Amino acid sequence: MNEKVVEIAEGIKNMRIRGAGKIARAAAEALKHFALDFSGTEDKFLEEIEEVKEYLISTRPTAVSLKNAVYFVINRIKGESLEELRESVIKNADNFIKRSEEALELIGKYGAGRIPDGATILTHCNSSAALQCIIQAHREGKEIRVFNTETRPWFQGHITARTLAKEGIDVTMIVDSAVRYFMREIDIVVVGADTIASNGAVINKIGTSQIALAANEARVPFIVCAETYKFSPETVIGKLVKIEERDPREIANPEDFPGVKFRNPVFDATPPEYIDAIVTEIGVISPYLAYEIIREVMNLGVKSEENRY
Ligand code: RI2
């Protein structure tokens, strides 16, 4: 297997590369490296790229962004000769990365509009899309304050807190279990997404659904920022989103707790009734429009499961 592909795939697996958008762009980059470095016949190219596809998709099971990126590049391969095939993969990968970066910019603009001047925002984990909205609101001159969860067990909240502080935004980090305690101070919750199902349920970092419940109880708006490639075509044909369970040693050393079992699911699902809006690059929508996004943007042929994104 191509060295660069292995380096990226292992980086995604061990979370050196993380965040649903970043892993999608990294997967596209891996396919580009495969094409750049390949030497052999056309048939071998097509055979090996299938192996690379399966390998990349196997690295993390929940974020559909990863699969959608890989399918975006592979479903659009055109050409007969090796040169044409390679060029096509490189072009598709570059195209995906560019579209993904442009999507973030637009999400920032649209999402910032939903953040009132003087707002206290709560965010969870580390989402580039959510941060884009918060930072954009700040750059537009809005006086905002952010509470962010540290986000056990990987503490992605540390990245969020540092990023916001660097931007000069007033940020306060809290433990995950303090969310309801602070909810009375919050005006809006802004989070990202790893996958959005056809019924509008949002799969995001573990703990998101508890935050949504607390927000709902306190009548605090809850918005999700997500590029359209976070929507899952295969949920239309009845597939359930697989929730990744990682090594319990990410929580504690089981040897220190004889007789104790550990579970470490890293995502959960927030039902659409707890979500006020989803901010995408094609507009701010209700979660109940998820199916429309999947159908129109991803051109889903429900007849073919392969026909993703
Ligand atoms: P962006 C992350 O997953 C978090 O759950 C975050 O909310 C989501 O991806 C979306 O991130 P992980 O890779 O694509 O940390 O908005 O497990 O950056």
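Order of appearance sets the numbers: ligands from 1, and atoms from 1 within every ligand. FYI, side chains are in, hydrogens and waters are out, and symmetry mates aren't considered; it's all heavy atoms of this structure. Just so it is clear, the model here is predicted, and its values are computed rather than measured.
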So that I can tick it off, tell me whether E102 and K98 are bridged by a salt bridge, with the cut-off set at under 4.0 angstrom between side-chain N and carboxylate O.
yes
Any chance the rings of F231 and Y291 have centres within less than 6.0 Å?
no
Salt-bridge criterion met for E84 and K78 (N-O under 4.0 Å)
no
Between E150 and I174, is there a donor-acceptor pair closer than 3.5 Å when you use the side chain of the first and the backbone of the second?
no
Tell me the residues surrounding ligand 1, counting only those with a heavy atom closer than 4.0 angstrom, sorted by chain and number.
M15, R18, G19, A20, G21, R60, C125, N126, S127, S128, A129, Q156, A193, D194, N204, K205, K230, F267
Can you sort out the partners of F182 under ring-ring contact (aromatic ring centres under 6.0 Å, His included), two or more places apart, ordered by chain and number?
F147
Between F262 and F257, how do the two ring planes meet: parallel, tilted or perpendicular, split at 30° and 60°?
perpendicular
